[in-house]
Amino acid sequence: MHLISAGKLKKAASKYPDVATTIKAFCKTIEQAQWQNLIDVQHIYRDAEAVGNFTVLNIKGNKYRLILDIDYEEQVAYFKYFLTHAEYDRGKWKNDLYY
């Protein structure tokens, strides 16, 4: 799986030093993944869920949300948002045209 905008993900997450190791591990995991559907994602990230057209991962014990747009056929994951739980709950990210 190829992660588009990994640099943007790392930049967005850099505001939160407690998540640096987790994001680095995520980038390595997704690089090696060959996910075909949400169930495959849930084998690694058990709380992953489909919300609209996006896949939402809980990071660091539900403290953060990583939002991706995954194209399983093309094996590409597009980084969309990295949010705190509170930012996620406000729902502004749902205004995205691809949502």
Side-chain angles (χ1 to χ4, degrees):
M1 181 82 48
H2 181 70
L3 177 61
I4 303 294
S5 298
K8 287 183 181 181
L9 166 58
K10 291 173 184 173
K11 184 178 179 181
S14 70
K15 297 186 286 186
Y16 311 101
D18 64 319
V19 79
T21 302
T22 304
I23 294 302
K24 187 175 182 178
F26 167 78
C27 289
K28 185 172 182 143
T29 297
I30 199 166
E31 183 179 289
Q32 297 171 354
Q34 294 183 345
W35 298 325
Q36 299 300 310
N37 52 47
L38 180 60
I39 293 169
D40 288 348
V41 178
Q42 290 171 333
H43 283 128
I44 298 171
Y45 298 97
R46 66 181 172 92
D47 293 329
E49 60 182 337
V51 181
N53 290 320
F54 296 145
T55 301
V56 178
L57 307 179
N58 294 329
I59 304 292
K60 290 287 287 186
N62 211 17
K63 189 172 180 181
Y64 304 101
R65 295 288 201 281
L66 173 55
I67 302 173
L68 305 168
D69 179 5
I70 301 177
D71 184 333
Y72 297 104
E73 187 174 314
E74 295 295 324
Q75 288 293 290
V76 176
Y78 299 90
F79 164 69
K80 298 301 280 183
Y81 303 97
F82 184 81
L83 306 170
T84 65
H85 190 124
E87 291 169 330
Y88 175 85
D89 284 347
R90 279 186 230 130
K92 289 182 182 179
W93 62 276
K94 291 180 180 178
N95 294 329
D96 189 297
L97 295 176
Y98 295 102
Y99 174 76

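Position 1 is the first residue of the sequence, and the numbers go up from there.
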Checking Glu74 against Met1 for the side-chain contact (heavy atoms from CB on, under 4.5 Å) test, could you report, in this order, the C-alpha distance in whole Å, the side-chain angles of both residues, the deciding distance, and whether it holds? CA-CA 8 Å; Glu74 295 295 324; Met1 181 82 48; over 6 Å; no

Out of curiosity, does Val19 fall in the hydrophobic cluster containing Leu83 (side-chain heavy atoms, cut-off under 4.5 Å, transitive links)? no

Candidate pair Tyr16 and Ile59, rule side-chain contact (heavy atoms from CB on, under 4.5 Å), full reasoning: CA-CA 12 Å; Tyr16 311 101; Ile59 304 292; over 6 Å; no

For Tyr45 and Thr55, run side-chain contact (heavy atoms from CB on, under 4.5 Å): C-alpha distance rounded to whole Å, both residues' side-chain angles, the deciding distance at 0.1 Å, then the answer. CA-CA 11 Å; Tyr45 298 97; Thr55 301; over 6 Å; no

Take the angle between the ring planes of Tyr81 and Phe54 and call it parallel below 30°, perpendicular above 60°, tilted in between. perpendicular

For the residue pair Ile70 and Leu38, establish whether any side-chain heavy-atom pair is separated by less than 4.5 Å. no

Kindly work out whether a path of hydrophobic side-chain contacts (I/L/V/M/F/W/Y, heavy atoms less than 4.5 Å apart) joins Val76 to Val41. no

Establish, yes or no, whether a centroid distance under 6.0 Å links the rings of Tyr88 and Trp93. yes

Is it true that a side-chain atom of Gln32 and a backbone atom of Thr29 form a donor plus acceptor pair closer than 3.5 Å? no

Is Tyr99 close to Val51 at the side-chain level, that is, under 4.5 Å between some pair of heavy atoms? yes

Note: Cys27 and Lys10 closest approach over all heavy atoms is SG-CE, 3.8 Å

Between Asp69 and Lys80, the two heavy atoms sitting closest are N-CG, 3.9 Å

Least distance between heavy atoms, Ala12 atom then Phe82 atom: CB-CB, 4.0 Å

Distance-minimising heavy-atom pair for His85 and Arg65: ND1-NH1, 3.2 Å

Path from Leu66 to Ile30 over hydrophobic side-chain contacts below 4.5 Å: yes

Answer yes if Tyr72 and Ile67 sit in the same cluster of Ile, Leu, Val, Met, Phe, Trp and Tyr residues linked by side chain heavy atoms under 4.5 Å apart, and no otherwise. no

Please report the interatomic distance OH(Tyr64) to CD(Glu87), rounded to the nearest 0.5 Å. 9.5 Å

Shortest non-hydrogen contact from Phe79 to Leu3? N-CD1, 4.1 Å

Checking Glu49 side chain against Val56 main chain: does a donor-acceptor pair fall under 3.5 Å? no

Minimum heavy-atom separation for His2 to Ile4, with atom names? CD2-CD1, 3.1 Å

Do Asp18 and Lys63 come within less than 4.5 Å of each other through their side chains, counting heavy atoms only? yes

Could you tell me whether the side chain of Asn53 and the main chain of Tyr98 form a donor-acceptor pair under 3.5 Å? yes

